[in-house]
Each structure stands twice: as structure tokens, then as C-alpha cells.
Amino acid sequence: DVTVSVDGDTRATITETLDADESTQSFVSLDTSSADVGDVTVKADTGDRSASRTVTVQEPRQFDVDLTLNNSEVSPGEEINGTVNVTNTGGVKDTQNITVSIDGTQFAQQELTLASDEINEFTFARTATEADAGARTITAASEDDSESALVTVTEPASFEIDIVGS
């Protein structure tokens, strides 16, 4: 048996049966967690022989979004607009699609590539229609995070005028 450990914590055991003077290669994939972030020692040990190597475990990718609406109430024909700030709080450069939707229907998208701790901002706009009348949820989302805000689309005014003769 070959025991594979990360900083002394056994993560896998591989069983190989070999004849004399025979050799083999085995590949193992190990799950990591936030507790493993940084330099760790990975060791393979047969009991008779061992080999180890230091590897760096990076923080997982994470795009956080912050949504700001410029208006909380609009009339049909006016724009619902705002800003999405996206921050890569993960430890690695990554590319993600950021979407903006109204009640679950996407109307804007931006593909962003951000280095670790990099911030990017983009604006969006959508013209409200009479069919949008009422309270609507605007949501900005990355693959990792989302934030929502409410906007009210007012109903068009309607009234009747009666002209009464004198």
C-alpha cells in the first residue's frame, strides 16, 4: 500500500501488487480545502520508501458582486440603470460571465477576467415598458455570488374626462 498525505494528514491509500523488479506509476487526485491554502507537503509513503514534494494550494476563485441601482422608481419609457462592481476575492485569476436580470430574465451580460483582488465596474440600462408595471427584482450575478434590488415601474396614468354641457 502507498499512503498519500498532505502535511501529515492521510488523504488517500493506493494498493498496488507488483512482481519482483516490476514498477508502476499511479496518479491520485486529492481534494483540498481552505485550510490547505498555502505551501503544503504532499508525501507518498510505502512503509519502506517515501517521496515528498512541496506544492502551493491556491485560494478558490470567487467573484463577489455589488449592485447599485440609480433609480428605485421609473415610468414606462424610462431607463432602469445602475452599476455592478465585481471583485475577484479568490486567490487566482479567473474569467466569469456577469449577468443582470429583471425577475429572472437576463438583459445584460459582461465577461470579465480579473486577477486576484482586482475590481471592475460596468454599467447597465434597460428601458422599462408598460408590461413591467409593478415591483420588479433586478439581480446581478456571477458564478459565485448574486445581489438583488427592487425597482418599481409605475403604471401609466389613465383617466376619463366627461364633458358636461351647460
Members besides L18 in its Ile/Leu/Val/Met/Phe/Trp/Tyr cluster (side-chain heavy atoms under 4.5 Å): none

Other cluster members, V28 - Ile/Leu/Val/Met/Phe/Trp/Tyr, side-chain contacts below 4.5 Å: V2, V4, V6, I14, L30, V40, V42, V55, V57

Which residues share a side chain to side chain contact (heavy atoms under 4.5 Å, CB included) with A35, sequence neighbours left out: S33

Specify the closest pair of heavy atoms between [X] and [Y], including all atoms of both residues, with the distance to one decimal.
X    : Y    : value
A140 : V65  : O-CG2, 3.6 Å
D144 : Q96  : OD2-NE2, 2.7 Å
D103 : A135 : OD2-O, 4.4 Å
N97  : Q109 : OD1-NE2, 3.4 Å

With F107 via ring pair (Phe, Tyr, Trp, His ring centres under 6.0 Å) - residues at least two apart: F124

Residue pairs fulfilling salt bridge (charged side-chain N to carboxylate O under 4.0 Å, His left out) with at least one residue in [range], sequence neighbours excluded:
range            : result
residues 2-20    : D9-R11, R11-D36
residues 104-129 : R126-D132
residues 75-98   : R61-D94

Could you grab the distance from atom [atom1] of [X] to atom [atom2] of [Y], nearest 0.5 Å is fine?
X    : Y   : atom1 : atom2 : value
D145 : I98 : CG    : CD1   : 9.0 Å
L150 : L69 : CG    : CG    : 8.5 Å
I102 : I80 : CD1   : CD1   : 4.0 Å

Donor-acceptor side-chain pairing of S116 and N88 below 3.5 angstrom: no

Listed once per pair and sorted, the side-chain hydrogen bond (donor to acceptor under 3.5 Å, both in side chains) pairs that draw on residues 66-76, sequence neighbours left out: N70-N81, S75-T154

Pairs satisfying side-chain hydrogen bond (donor to acceptor under 3.5 Å, both in side chains), at least one member in residues 37-53, at least two apart: D39-T56

Within residues 44-88 or reaching into it, pairs that qualify as ring pair (Phe, Tyr, Trp, His ring centres under 6.0 Å) - sequence neighbours excluded: none

Listed once per pair and sorted, the ring pair (Phe, Tyr, Trp, His ring centres under 6.0 Å) pairs that draw on residues 72-96, sequence neighbours left out: none

Flag, side chain of E155 to backbone of A133, donor-acceptor distance under 3.5 Å: no

Residues in salt bridge (Lys or Arg N to Asp or Glu O under 4.0 Å) contact with D64, at least two apart in sequence or another chain: none

